[in-house]
Amino acid sequence: MKLLIVTVVDQFDEDILRLFKKAKIESFSGSEIDGYKQQASLLMSSKWFPTVKGGVESSLFFSFTEDDKIDVIFSLIEEFNKNLVTNNPIKAIVVPIERSI
């Protein structure tokens, strides 16, 4: 069993849920998050408490799942990302689980 973590911009929420269903990943959790992409020079000049919210509304999904389902979801995400016209691909990572209860 491994931990699958996926991030998407809000406009792809329905798409990732559809891909999870195709991969037969039926048990997962999700949360709304703000995503940021900043240049190093922008970070150096930013204030401690900026008045303007610069994040992009995004979602984070995670699931403890098996390798075969992870292989399927990665293939589906790769195919989905090939057809994007935006610069906000679905991102996914896998983390091995050493112990669980």
Exercise. Does Glu66 reach the side chain of Met1, with side-chain heavy atoms less than 4.5 Å apart?
Worked result: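 With C-beta onward as the side chain, the pair touches.
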
Seminar exercise, completed: Per ring-ring contact (aromatic ring centres under 6.0 Å, His included), Phe28 is matched among Phe64, Phe62, Phe20 by Phe20

Gap separating the [atom1] atom of [X] from the [atom2] atom of [Y], nearest 0.5 angstrom:
X	Y	atom1	atom2	answer
Phe61	Ile25	CZ	CD1	12.0 Å
Leu3	Ile93	CG	CD1	7.5 Å
Ser29	Leu60	OG	CG	10.0 Å

Name the atoms and distances for all side-chain donor-acceptor pairs under 3.5 Å in residues 69-85, with sequence neighbours left out.
unit_1 : atom_1 : unit_2 : atom_2 : d
Lys69  : NZ     : Lys24  : O      : 3.2
Ser75  : OG     : Asp71  : O      : 3.2
Asn81  : OD1    : Ile90  : N      : 2.9
Asn81  : ND2    : Ile90  : O      : 2.8
Asn83  : ND2    : Glu79  : O      : 3.2

If every non-hydrogen atom of [X] is compared with every non-hydrogen atom of [Y], which pair is closest and at what distance?
X	Y	result
Gly35	Ser58	N-OG, 3.8 Å
Ser100	Ile97	CB-CG2, 4.1 Å
Ser27	Ser63	O-OG, 2.7 Å

For this session: Using the test side chain to side chain donor-acceptor pair (under 3.5 Å), find all partners of Asp67 that sit at least two apart in sequence or belong to another chain.
Result: Lys2

Problem set entry | Contact list for residues 81-101, test ring pair (Phe, Tyr, Trp, His ring centres under 6.0 Å), sequence neighbours left out | none

Which atom pairs, donor and acceptor, lie under 3.5 Å between side-chain atoms of residues 4-16 and protein residues at least two apart or in another chain?
unit_1 : atom_1 : unit_2 : atom_2 : d
Asp10  : OD1    : Ser59  : OG     : 3.3
Asp13  : OD1    : Ser59  : OG     : 2.8
Asp13  : OD2    : Ser59  : OG     : 3.1
Asp15  : OD1    : Arg18  : NH2    : 3.3

Exercise. Please, which pairs that meet salt bridge (charged side-chain N to carboxylate O under 4.0 Å, His left out) have at least one residue in residues 88-101, sequence neighbours excluded?
Worked result: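 Matches after skipping sequence neighbours: none remain.
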
